[in-house]
Amino acid sequence: MAAVEPHNPYAVTAPGRAPVRPASNRRRQVVTLGAACALPSLVSVAVGSAVQHVDPGDSGSTCAIVHLVVTLVAVIPAYFVSVRALQPSAARWRRLLAPVLMALDLVATHGLALLLPFRPGLLSVLVFALPSFALAGAVVLRSRTALPAAVGTLLGVFVLAFPLRAMQQEAGVQDLLRGAGVPSRSLMQPVLLADVVVTGTSWDGHRAVFVLSDQADLANTGGISDGFDKAAVATVSFGYGDPCGRPVLSAVGENLTTSPFTPCLPEAGGLWSDGANRFVLQRDGFTITLATDGGELDTLSGGGAVRRAVLAAHPATESELRSLEGWFPSSWLGCLVL
């Protein structure tokens with residue numbers, strides 16, 4: 001004959017049968033276990049994404065060690081919470097099952113990051129946390145439908161990564177434009193050089209302004225800061241005008257300055273130059289100016305590469321725009337969909 005336990009009115013016991021836990025307790029257990037497993041995975045992919053954004057292609061041992069240490073720091077509290085959450089349903093195996101679940105979730109999230117780059121927005125956090133909650137549901141519920149549901153959820157997340165990536169790429173571009181104040185994507189035509197990186201993007205009311213810095217100088221000074229040197233300035237505006245009469249925005253060490261552009265000599269391909277360190281290209285309805293202070297622009301890259309780069313100016317591609325985006329969203333739209 002079944003009896004109600006006096007210390008737990010929700011549990012019903014019968015000879016040879018284990019107590020039945022209420023559905024609300026199981027849901028709470030799934031949420032707790034899923035959140036605990038998601039913590040180290042989210043921290044790990046976030047650190048990896050931030051490192052790749054600051055220094056693309058970097059695989060230095062220092063970054064790898066920092067990445068590992070930060071992940072392990074997040075794993076420690078997540079392990080104890082997972083063990084506690086597993087106690088009612090897997091008391092005998094909880095100490096072994098908790099690290100296995102976290103390891104599986106780390107593999108799943110890093111595999112997902114290969115298809116969908118992580119950004120610190122609400123949508124990315126939710127998508128990258130889904131595998132941990134799917135695994136937690138399969139372990140806690142252990143029903144005929146729990147495991148197929150978990151597998152289906154994992155497959156669905158990986159399939160949805162492709163359309164989500166396309167949506168987030170466009171959202172990232174719009175977030176970049178809003179953060180910089182640039183009114184049109186067509187103005188995003190920075191002069192891109194092999195040894196020079198864009199360290200600032202803004203709108204001065206008439207033109208898009210791109211601050212260029214020497215990559216070697218940034219490495220020597222420890223990265224972007226208030227005191228880094230600005231190697232050059234590129235501006236992009238709609239329409240044409242007198243290329244020799246308009247003031248030119250140029251770089252002087254840590255500051256930007258405006259100075260007249262004289263004398264001016266035309267060259268082939270719609271290019272004007274003062275013969276030293278300033279170029280103006282008028283083509284396809286845009287005026288693109290590149291200027292620096294003192295010395296030849298060729299010293300930035302060598303062998304006439306800067307002149308070729310100005311003539312090769314074009315609307316930035318998706319990958320080029322991503323290199324200009326900040327890692328943190330700069331608008332409410334970016335916070336929601338990135």
Side-chain angles (χ1 to χ4, degrees), residues 18 21 23-53 59 61 63-165 168 338:
R21 288 173 293 125
S24 59
N25 287 352
R26 293 198 298 272
R27 287 194 295 269
R28 189 181 304 113
Q29 190 180 355
V30 170
V31 171
T32 304
L33 182 60
C37 291
L39 175 62
S41 297
L42 289 174
V43 169
S44 183
V45 295
V47 172
S49 173
V51 169
Q52 283 297 313
H53 182 82
S59 58
S61 58
C63 292
I65 293 173
V66 171
H67 192 177
L68 179 61
V69 170
V70 173
T71 302
L72 290 177
V73 169
V75 164
I76 294 173
Y79 170 77
F80 289 105
V81 175
S82 299
V83 169
R84 185 175 181 83
L86 284 167
Q87 187 169 357
S89 59
R92 183 175 301 178
W93 301 101
R94 65 185 185 275
R95 297 184 186 277
L96 178 62
L97 189 56
V100 170
L101 280 176
M102 285 189 288
L104 289 175
D105 190 52
L106 281 168
V107 172
T109 51
H110 279 279
L112 181 60
L114 297 176
L115 305 177
L116 182 67
F118 179 85
R119 295 290 297 275
L122 178 61
L123 182 59
S124 285
V125 171
L126 292 177
V127 171
F128 277 83
L130 274 177
S132 65
F133 286 96
L135 292 171
V139 170
V140 173
L141 300 179
R142 288 187 294 177
S143 64
R144 292 182 178 179
T145 59
L147 183 58
V151 174
T153 300
L154 291 174
L155 292 177
V157 169
F158 279 86
V159 171
L160 286 174
F162 295 98
L164 284 177
R165 178 173 184 165
Q168 287 190 323
L338 291 179

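Computed from heavy atoms alone, side chains included, the values below leave out hydrogens, waters and symmetry copies.
Sorted pairs that involve residues 134-159 and meet ring-ring contact (aromatic ring centres under 6.0 Å, His included), not counting sequence neighbours, are lacking altogether.
Contact between V45 and A113 at its shortest, heavy atoms only, is CG1-CB, 4.4 Å. Nearest heavy-atom pair across P40 and A78 is CD-CB, 3.7 Å. Scanning both residues, A136 and V30, for their nearest heavy atoms gives CB-O, 3.7 Å.
Qualifying side chain to side chain contact (heavy atoms under 4.5 Å, CB included) partners for L104, counting only residues two or more places apart in sequence or in other chains: V100, L135. Annotation: side chain to side chain contact (heavy atoms under 4.5 Å, CB included) contacts of S44 (sequence neighbours excluded): H67, T71, L106, H110. Partners of F162 under the side chain to side chain contact (heavy atoms under 4.5 Å, CB included) rule, at least two apart in sequence or in another chain, are L115. Not counting sequence neighbours, A103 has no partner by the side chain to side chain contact (heavy atoms under 4.5 Å, CB included) test.
T32 OG1 to L86 CG: the interatomic distance, rounded to the nearest 0.5 Å, is 10.5 Å. With values rounded to the nearest 0.5 angstrom, T109 atom OG1 is found 7.5 Å from L112 atom CG. One distance of note links CZ of R26 with CG of L33; it measures 15.0 Å at 0.5 Å rounding.
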Using distance only, find each side-chain donor-acceptor pair of residues 121-132 under 3.5 Å and give its atom names and separation, not counting sequence neighbours.
residue	atom	partner	partner atom	Å
S124	OG	R119	N	3.4
S124	OG	R119	O	3.2
S124	OG	Q168	NE2	3.2
S132	OG	G34	O	3.0
S132	OG	A129	O	2.7

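Checked by atom type and distance alone, the side chain of T153 never pairs as donor or acceptor with a backbone atom of A134 at under 3.5 Å.
Within the 4.5 Å cutoff, side-chain heavy atoms of S82 are placed close to those of C37.
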